[in-house]
Every structure is written in C-alpha cells, then in structure tokens.
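A short worksheet on the structure shown next.
Along the sequence shown, residues carry numbers from 1. Keep in mind it's a predicted model, so treat the numbers as computed, not measured.
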Amino acid sequence: IRTETSTVAFYVVEVLPAALGIVPVVFGIAGLATLGRRAWKPNAALAVWLVTYLAVLFSWTMRADRYLLPVMPVIAVWASLAAVRLWERMTPQAAGRPLLISSAAVLGVVLLGGPVSADLRYYRAATLPDTRDIAREWIERTLPPGAVAAMGPLGLTLKPPLVTFP
C-alpha cells in the first residue's frame, strides 16, 4: 500500500477520474446539487447510502479500485441528471444557434469519453495473454526434459517430464 497518499486521495484523485473522467465526476456532483426540491426524496436515500459507504471505504487501509464499483452507478445517474438539466436549460436558447448545439454535442462526447476510454483500456488488458501461460511456455521451452522446477502454488501446470515442488 502506498502511504504517500491518503485513502481518500487514492479514490477521489486517482480512481474516480481514471474510471469515469473528471467531467463526469463533476457532473455527478452537479447532478446531486441540482436536485433541489423536485426530486430530493428518492435521491436522499442514495446520498445517505453513498456517504455511509464512502465513510466506511475511506476508513480502510486496504485499497483497490474494485471497492469503488458500487458507487459508479450512483455517480452515473447523477451525472445524467445534470446533463439533462443542462440540456433543458439550453434547448429553448438553441433554436437558430448552431454554436450552442455543437457545444452540447462536444460536451456529450467529453462526458462519454472518459468511461469509454477506460472500458477500452480494460478490454485491451483483459485480452492480453495470461502471464502464467507465458511463464509455463518459457519453462517448457527453456528447461531440458527431466529438469526439476521448484515453484510456489502459482497455478502453473507443467507437463511431464518436468516436476514441480510446491
């Protein structure tokens, strides 16, 4: 665990922007702020759950980006709410103003750009060869028949005549 950053900074500064992008996170916060009196009741339960979950998460010393997964849908819903509210404000003014419409399109691309690029990075990493397979192939190619390979329980299954010791 890296100790130079706090757990809060790890999740808020590193994980959230890397997973969603800064603009969707800002829109998520703005979405919560724009609830106002219209729709605060259903979102109050989400906000209480989110604050409680984050308080528990931030108290842990163990850090992993997967622990933030339950928070992502809530942020996405609130970011969408902020985008819809912004669109509702812009629509009456957009008639005959192509610059405003193109700005909204660019903002939509920016909002989706972070999550889509994170997905593409994940799928690229997920499609790489398994390092255990690469190690097994190297061992089988490099060691002579009948050689002994000592290793821990790494999930490598070597074909005989190579022998493994746990």
Side-chain angles (χ1 to χ4, degrees), residues 1-135 152-156:
I1 297 176
R2 293 188 351 233
T3 57
E4 65 270 7
T5 59
S6 69
T7 302
V8 175
F10 171 74
Y11 287 113
V12 174
V13 176
E14 294 180 30
V15 176
L16 269 178
L20 292 176
I22 292 172
V23 174
V25 171
V26 169
F27 263 68
I29 294 167
L32 177 61
T34 62
L35 290 175
R37 295 183 200 159
R38 285 200 307 187
W40 71 270
K41 284 185 181 180
N43 289 287
L46 279 176
V48 168
W49 172 84
L50 182 68
V51 167
T52 305
Y53 182 82
L54 290 177
V56 170
L57 182 65
F58 293 162
S59 70
W60 294 349
T61 54
M62 175 60 193
R63 301 174 188 172
D65 52 0
R66 67 179 174 272
Y67 296 139
L68 213 52
L69 284 175
V71 173
M72 299 298 184
V74 177
I75 293 173
V77 166
W78 288 339
S80 300
L81 180 63
V84 166
R85 294 272 167 87
L86 182 62
W87 180 255
E88 288 172 349
R89 284 184 166 198
M90 288 175 51
T91 304
Q93 302 164 358
R97 296 178 67 186
L99 181 62
L100 194 58
I101 293 172
S102 60
S103 298
V106 168
L107 182 61
V109 169
V110 169
L111 278 171
L112 293 174
V116 169
S117 68
D119 285 347
L120 293 175
R121 284 191 308 271
Y122 168 78
Y123 286 120
R124 182 179 179 278
T127 58
L128 292 174
D130 189 344
T131 54
R132 292 171 294 195
D133 293 334
I134 295 170
L154 302 175
L156 294 178

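Heavy atoms from other residues, nucleotides or ligands lying under 6.0 Å from CZ of Phe58 number more than 12. Remark: Ile134 CD1 is packed, more than 12 non-hydrogen atoms of other residues, nucleotides or ligands lying under 6.0 Å away.
In this structure the side chain of Tyr53 reaches within 4.5 angstrom of the side chain of Val71, judged on heavy atoms. Inter-residue side-chain proximity for Leu54 and Tyr11 is flagged as unmet; no heavy-atom pair is nearer than 4.5 Å.
Within the model, atoms OG1 of Thr7 and OH of Tyr67 stand 11.5 Å from one another, a figure rounded to the nearest 0.5 Å. Taken from CZ in Phe27 to CD1 in Ile75, the straight-line distance is 14.5 Å, to the nearest 0.5 Å. Summarising the geometry, atom CZ belonging to Arg63 is positioned 6.5 Å from atom OG belonging to Ser6; distances are rounded to the nearest 0.5 Å. Taking CG from Leu68 and CG from Leu16, the interatomic distance works out to 4.5 Å, rounded to the nearest 0.5 Å.
Pairing each heavy atom of Val12 with each of Pro17, the nearest pair is O-CD, 3.1 Å. The two atoms that bring Ala79 and Pro24 nearest to each other are CB-O, 3.6 Å, heavy atoms only.
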